[in-house]
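Quick notes on the structure that follows.
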2 protein chains.
Amino acid sequence: MKKDKLGAIRLTEQRKVILEELKQLKTHPTADELYFIVKKILPKISIATVYRNLEALSAAGYIIKIKSAGNQKRFDGNMQEHTHIRCIKCNKVRDIEDKIELPEKYKNLKTDFNIIGFNIDLYGICPNCL
Amino acid sequence: MKKDKLGAIRLTEQRKVILEELKQLKTHPTADELYFIVKKILPKISIATVYRNLEALSAAGYIIKIKSAGNQKRFDGNMQEHTHIRCIKCNKVRDIEDKIELPEKYKNLKTDFNIIGFNIDLYGICPNCL
DNA sequence: TACTTATTAATAATAACTACTATTAACTTT
DNA sequence: AAAGTTAATAGTAGTTATTATTAATAAGTA
Ligand SMILES: [Mn+2]
Ligand SMILES: [Mn+2]
Ligand SMILES: [Zn+2]
Ligand SMILES: [Zn+2]
């Protein structure tokens, strides 16, 4: 079985197209937005397949799932570490080139949780909504 | 970042109880969790009233709405600036006393968005899920 | 008081997933 | 290659968390 080094998932035709199309976008689409894009290439694809595979691809580490933008999840094919800014009006997400680092002094915060990582995102208003 | 002045909403009995109960908790409850707590004091309250008023109270600046913890929103009556850590297994949210500041060098990020503020939250595994 | 507006409880409706099922495709063993 | 086994898919049903509607009630105002 030809499995990829990232996670153990098989890259089916549907998954390949979802992944390729997502990687070409800078827009952080929602599942349904990506469904309409992918449907141009695979007209018979089911929306459930898109949802299922966006989940599978993010679990396997191929893509990023952005949960904090409105009530819909958004997806990102750009695996470079980078920061996002989200529009509080329309929930669109834009990349910010700079990778924001957490200052040293916050490396050992007092908590009984086992710290794995952190998330920084900015929020504001996009040019379109201004 | 910026504290809004409290909006003008009428504090009905239901709203007072929701607010008081929420402020006594350190647990960042979901709407339905808070519904069961409030029901002990106001047994006839409707769950829709809890949802509606959590929205109203957060819009008016009385409470904080935490959107990035799983698929349910969580609410926080603690209006002191503070940071959260979220358990990636059970989505519970815990306070971290320290207020994390965005380093100076990130004050001038290159973006065409109108930056309003930023969010930092940590994630990890809570003692219960370990 | 009479009128107007806001809020409520109860319930219906919605949005965004998520699970199920029968079918097909891919891999493994014979 | 054939048969057996497992994984993935399309289509659709079901679920969950929230949001809208509605008729009744409470609060604010003239
Ligand atoms: Mn991005
Ligand atoms: Mn808190
Ligand atoms: Zn916008
Ligand atoms: Zn936990």
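The sequence lines fix the lettering, A, B, ..., with proteins before strands; numbering per chain opens at 1.
Comparing the helix axis at one end of the helix from C:dT1-D:dA30 to C:dT30-D:dA1 with that at the other, each defined from 5 consecutive pairs, gives an inter-axis angle of 20° (nearest 10°).
B:Thr49 meets the side chain to side chain contact (heavy atoms under 4.5 Å, CB included) test with B:Gln14, B:Ile45, B:Ser46, B:Arg52, B:Asn53; sequence neighbours excluded. Partners of A:Lys110 according to the side chain to side chain contact (heavy atoms under 4.5 Å, CB included) rule, which considers only residues two or more places apart in sequence or in another chain, do not exist here. Not counting sequence neighbours, the partners of B:Glu13 by the side chain to side chain contact (heavy atoms under 4.5 Å, CB included) test are B:Lys16, B:Val17, B:Leu42. For B:Glu20, the salt bridge (Lys or Arg N to Asp or Glu O under 4.0 Å) test picks out no residue, with sequence neighbours left out. Among residues two or more places apart in sequence or in another chain, the side chain to side chain donor-acceptor pair (under 3.5 Å) test is passed with A:Glu55 by A:Lys65.
The CZ atom of A:Phe75 sits 10 Å away from the C1' atom of C:dC17 (whole-angstrom rounding). Here C:dA15 presents its P atom at 17 Å from OH of A:Tyr35, a figure rounded to the nearest Å. Whole-Å rounding puts the B:Leu11 CG to C:dA6 C1' distance at 14 Å. Nucleotide C:dT5 holds its C1' atom 16 Å from the CD1 atom of B:Ile9, rounded to whole Å. The CD-P distance, from A:Glu55 to C:dT18, rounds to 6 Å in whole Å. Rounded to a whole Å, the NZ atom of A:Lys67 is 17 Å from the P atom of C:dA16. Distance CD (A:Glu33) to C1' (C:dC17): 15 Å, rounded to an integer number of Å. In this structure, B:Leu54 atom CG and D:dT18 atom P are separated by 10 Å, rounded to whole Å.
Within the structure, salt bridge (charged side-chain N to carboxylate O under 4.0 Å, His left out) pairs that include any residue of residues 30-50 of chain B comprise B:Glu33-B:Arg74 (at least two apart or interchain).
Against DNA chain D, the stretch residues 16-29 of chain B makes no heavy-atom approach under 4.0 Å.
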Which pairs of donor and acceptor atoms, one on a side chain in residues 84-92 of chain A, lie under 3.5 Å apart (sequence neighbours left out)?
unit_1: A:His84; atom_1: NE2; unit_2: A:His28; atom_2: NE2; d: 3.2
unit_1: A:His84; atom_1: NE2; unit_2: A:Asp76; atom_2: OD2; d: 2.9
unit_1: A:His84; atom_1: NE2; unit_2: A:His82; atom_2: NE2; d: 3.0
unit_1: A:His84; atom_1: NE2; unit_2: A:Asp95; atom_2: OD1; d: 3.1
unit_1: A:Arg86; atom_1: NE; unit_2: A:Ser68; atom_2: O; d: 3.3
unit_1: A:Asn91; atom_1: OD1; unit_2: A:Gly70; atom_2: N; d: 3.2

Donor-acceptor list for residues 111-130 of chain B side chains, cut-off 3.5 Å, not counting sequence neighbours:
unit_1: B:Thr111; atom_1: OG1; unit_2: B:Phe113; atom_2: N; d: 3.0
unit_1: B:Asp112; atom_1: OD1; unit_2: A:Arg94; atom_2: NH1; d: 2.8
unit_1: B:Asp112; atom_1: OD2; unit_2: A:Arg94; atom_2: NH1; d: 2.9

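Across every non-hydrogen atom of A:Leu22 and A:Gly77, the tightest pair is CG-N, 3.7 Å. Scanning both residues, A:Phe75 and A:Ile63, for their nearest heavy atoms gives CD2-CD1, 3.9 Å.
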Show each protein N/O and nucleotides 10-17 of chain D N/O combination with a separation under 3.5 Å, one pair to a line.
unit_1: D:dA10; atom_1: OP1; unit_2: A:Lys44; atom_2: O; d: 3.4
unit_1: D:dA10; atom_1: OP2; unit_2: A:Ser46; atom_2: N; d: 3.3
unit_1: D:dA10; atom_1: OP2; unit_2: A:Thr49; atom_2: OG1; d: 2.1
unit_1: D:dG11; atom_1: N7; unit_2: A:Ser46; atom_2: OG; d: 3.2
unit_1: D:dA17; atom_1: OP1; unit_2: B:Gln72; atom_2: NE2; d: 3.0

Interface polar pairs with nucleotides 28-30 of chain D, N/O, under 3.5 angstrom:
none

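Within the structure, every side-chain polar atom (N or O) of A:Thr12 is placed at least 4.0 Å from both OP1 and OP2 of C:dA26.
Atom NZ of A:Lys26 is surrounded by 12 or fewer heavy atoms from other residues, nucleotides or ligands within 6.0 Å.
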Inset, instruction - Output, in order, the C-alpha distance, side-chain angles, deciding distance and verdict of salt bridge (Lys or Arg N to Asp or Glu O under 4.0 Å) for A:Glu101 and A:Lys99. - result: CA-CA 6 Å; A:Glu101 308 260 17; A:Lys99 173 193 163 192; 3.7 Å; yes

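Residues A:Leu34 and A:Ile47 have side chains not in contact (no heavy-atom distance under 4.5 Å, counting atoms from C-beta outward).
Remark: the backbone N or O of A:Gln80 is paired with a side-chain donor or acceptor of A:Asn78 at under 3.5 angstrom.
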